[in-house]
Amino acid sequence: MGRRRVMRLMKEEGIEGKGKKKYKATTSFKHNLPVAENVLQRDFKANGPDQKWVADITYIPTYEGWLYLAIIIDLYSRRVVGWSMSANMKTELVSTSLEAALGQRAPDNMGLIFHSDRGSQYASKDYQKMLEKEEIKASMSRKGNCWDNAVAESFFGPLKTELVRDANFRTREVARTTIAEWIEAFYN
């Protein structure tokens, strides 16, 4: 079926496609914390589970204020292996998502690479100690380069297009429940 026919049929049925919003940088990397080398180097393939994980944070609007979502994706299966949500963007948000991933998965400590952006949560001493304790190799994107963490960034596109954009979450709790269900029942 051709594109024009699809457009005509959609118009006849009153159906419209959902488009993506333009990317807007929302994270500030202005901190004096040490950052890890970009070990991943945009190599988004893995030969098995728990070899490479990527992580990121996004903002979800609610009538109560922002709800922050931190996710960790296994590059082998592309599943969200750890996630957490909070009303603030402190290190605890990303620590909880890592604890969730480690509670679900059992990396064999044979060189798991954990890749994120340079945000202060990921660069914090406490978070880096968690990675060290688990013998996980930290990797961080280059400054201001969203393509270095494209898989984690691309997870948020469908989430926001299919779920968040048209939703009017009255409370953070409603958003939390809806997003958790979307991740576990739909995405994964």
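Bear in mind that the values here come from a model prediction, so they are computed numbers and not experimental data.
Under the 3.5 Å distance criterion, the side-chain polar atoms of T161 are left unmatched by any main-chain donor or acceptor of P158. With hydrogens and angles disregarded, no donor-acceptor distance shorter than 3.5 Å links the side chain of H115 to the backbone of A152. A donor-acceptor distance shorter than 3.5 angstrom exists from the side chain of K52 to the backbone of K45, with no hydrogens or angles considered. Side chain of S84 to main chain of L93: a donor-acceptor pair is present (N/O by atom type, distance under 3.5 Å, no hydrogens or angles). Using a distance-only test at 3.5 Å, with no hydrogens or angles considered, a donor-acceptor pair links the side chain of Q51 to the main chain of G48.
Under the 4.5 Å side-chain criterion, counting only non-hydrogen atoms from C-beta, I57 is in contact with M89. I60 places none of its side-chain heavy atoms less than 4.5 Å from the side chain of W66. Looking only at side-chain heavy atoms (C-beta outward), W53 and V81 come within less than 4.5 Å of each other. V80 has its side chain within reach of F155: a pair of non-hydrogen atoms, C-beta onward, lies under 4.5 Å apart. Contact of the M7 side chain with the R3 side chain is registered, since non-hydrogen atoms from C-beta on lie closer than 4.5 Å. In this structure the side chain of L40 never reaches within 4.5 angstrom of the side chain of D148, judged on heavy atoms. No side-chain heavy atom of F114 sits less than 4.5 Å from a side-chain heavy atom of S139. Contact annotation: the side chain of M130 approaches that of E99 to within less than 4.5 Å [non-hydrogen atoms, C-beta and beyond].
Partners of R172 by salt bridge (charged side-chain N to carboxylate O under 4.0 Å, His left out), not counting sequence neighbours: none found.
Note: Y127 and Y122 have perpendicular aromatic rings, judged against thresholds of 30 and 60 degrees for the angle between ring planes.
The two residues R42 and R142 have their closest heavy-atom pair at NH2-NH2, 2.9 Å. Smallest separation of non-hydrogen atoms from A138 and L131: CB-CD1, 3.8 Å. When all heavy atoms of F169 and P61 are compared, the closest pair comes out as CD1-O, 3.7 Å.
Taking the centre of each ring, Y68 and Y59 come in below the 6.0 Å mark. Outside the 6.0 Å centre-distance limit, the rings of F156 and W182 are not counted as a close aromatic pair.
V6 forms part of a hydrophobic cluster together with M1, L9, M10, I15, judged by ILVMFWY side-chain heavy-atom separations under 4.5 Å.
Other residues, nucleotides and ligands place no more than 12 heavy atoms under 6.0 Å from the CG atom of N47. Counting non-hydrogen atoms of other residues, nucleotides and ligands closer than 6.0 Å to CD of E12 gives a total above 12. Within 6.0 Å of the CD atom in E184, the count of heavy atoms belonging to other residues, nucleotides or ligands exceeds 12.
To the nearest 0.5 Å, the span separating CD on E153 from OG on S141 amounts to 7.5 Å. For the atom pair CD of E92 and OG of S86, the computed distance is 6.5 Å after rounding to the nearest 0.5 Å. If you take CG on L159 and CD1 on I71, they are separated by 9.5 Å, rounding to the nearest 0.5 Å. One finds the CZ atom of R78 at 7.5 Å from the OG atom of S154 (value rounded to the nearest 0.5 Å). Atom OG of S116 and atom CZ of R118 lie 10.0 Å apart (nearest 0.5 Å). Here the straight-line distance linking atom CD1 of I113 with atom CG of D50 works out to 12.5 Å at 0.5 Å rounding.
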(Q) V39 vs K137, test: side-chain contact (heavy atoms from CB on, under 4.5 Å). Steps then yes/no. (A) CA-CA 8 Å; V39 177; K137 175 87 171 148; 3.7 Å; yes

Please test T62 against R170 for side-chain contact (heavy atoms from CB on, under 4.5 Å), starting from the C-alpha separation and ending with a verdict.
CA-CA 6 Å; T62 74; R170 290 185 180 214; over 6 Å; no

(request) Step by step, work out the side-chain contact (heavy atoms from CB on, under 4.5 Å) result for T171 and Y63. (result) CA-CA 6 Å; T171 65; Y63 289 128; over 6 Å; no

Exercise for review: In sequence, state the C-alpha distance, the side-chain angles, and the governing distance for Y76 and F44, and then conclude on ring pair (Phe, Tyr, Trp, His ring centres under 6.0 Å).
Suggested key: CA-CA 8 Å; Y76 179 72; F44 300 124; over 10 Å; no

*asked:* Assess the residue pair I183 and L69 against the criterion (side-chain contact (heavy atoms from CB on, under 4.5 Å)); give the C-alpha distance rounded to whole Å, side-chain angles, the decisive distance to 0.1 Å, and a yes or no.
replied: CA-CA 11 Å; I183 291 171; L69 168 65; 4.3 Å; yes

Test salt bridge (Lys or Arg N to Asp or Glu O under 4.0 Å) applied to E132 and K129, step by step: CA-CA 5 Å; E132 257 180 57; K129 281 182 187 176; over 6 Å; no

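Each of Q104, R105, R79 was evaluated against D74; a single residue qualifies, R105, per the side chain to side chain donor-acceptor pair (under 3.5 Å) test.
Residues K160 and T58 have side chains that bring a donor and an acceptor to within less than 3.5 angstrom of each other.
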